[in-house]
Amino acid sequence: MRKIVIAGNWKMYKTRAESLEFLQGFMSCLTETPEEREIVLCVPFTSLEIVSKNLHGSLVRLGAQNVHWQESGAYTGEISGPMLTELGVRYVIVGHSERRQYFGETDETVNLRLKAAQKYGLIPILCVGETKAQRDAGETETHIFSQLAQDLVDVDQTKLVIAYEPIWAIGTGDTCETKEANRVIGLIRSKLSNPDVPIQYGGSVKPENIDEVMAQPEIDGVLVGGASLEVASFDRIVNYN
Ligand SMILES: O=C[C@H](O)COP(=O)(O)O
């Protein structure tokens with residue numbers, strides 16, 4: 001039985017005070033949420049501690065947005081696995097397209113980050129997906145298969161979540177057709193050694209489309225950007241029908 005994982009990625013949004021305000025509002029909405037749904041908030045590094053201290057044993061799991069492959073060292077601006085686990089972090093996003101696009105992350109470093117996350121007891125959420133140009137050129141499958149082949153070398157597939165995020169659908173309001181997302185996610189699953197890896201869809205998920213997305217048989221959850229920043233919209237998403 002595959003786990004459902006619904007994760008919010010706050011990206012570079014919310015101060016500590018704003019994070020606490022969100023959490024206080026959001027926690028009171030969770031009473032109806034089925035327990036088997038794993039809910040993760042991937043918050044900025046600066047908000048990890050305050051969110052961790054205010055989860056009070058709730059169903060919500062704490063997530064970070066990146067992790068370095070070394071335990072410590074001269075790596076200005078980076079953060080290590082032990083620094084995250086010390087704060088109660090359970091999940092970490094790795095290889096988000098914004099990290100690959102703006103910060104030069106490659107499949108090689110994504111692979112190192114995935115292995116380090118697992119070494120330190122974190123569950124990585126590996127992001128893969130194609131650009132608009134790759135999709136238009138009919139290269140969606142080749143590109144994603146190439147990412148998976150490189151990113152997953154020596155990665156333990158029993159402690160892993162994958163997010164399929166077509167880059168052209170991120171933050172654009174231009175959602176991938178749910179049947180198409182379902183098809184691509186099925187293809188991703190066919191390349192895995194463990195068929196039970198939860199595979200999420202990400203890209204303009206919102207209250208208006210969450211029910212349709214989650215009705216797709218291959219889709220095991222969502223990675224949500226913009227719509228995870230407001231209590232009302234994220235509440236609707238985690239309580240999808
Ligand atoms: O990590 C989340 C994705 O980049 C999706 O962002 P979005 O929901 O704002 O399109």
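Just follow the structure's listing: the first ligand is 1, and inside any ligand the first atom is 1. Numbers here simply count residues along the sequence, with the first being 1.
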Using a 4.0 Å cut-off on heavy atoms, what residues surround ligand 1? Order them by chain and number. Asn9, Lys11, His96, Glu165, Ala169, Ile170, Gly171, Gly203, Ser204, Leu223, Val224, Gly225, Gly226
Sequence-distant partners of Tyr75, ring pair (Phe, Tyr, Trp, His ring centres under 6.0 Å), two or more places apart: His68
Note, Ile237 side chain near Val222 side chain (heavy atom, < 4.5 Å): yes
Between Ser228 and Gly8, is there a donor-acceptor pair closer than 3.5 Å when you use the side chain of the first and the backbone of the second? no
How about Arg16: does its CZ atom have over 12 heavy atoms from other parts shown lying under 6.0 Å from it? no
Does any pair with a residue in residues 220-241 pass salt bridge (charged side-chain N to carboxylate O under 4.0 Å, His left out), and if so which ones, sequence neighbours excluded? Arg2-Asp220, Arg189-Asp220, Asp211-Arg236
Among residues at least two apart in sequence or on other chains, which ones pass salt bridge (charged side-chain N to carboxylate O under 4.0 Å, His left out) with Glu165? none
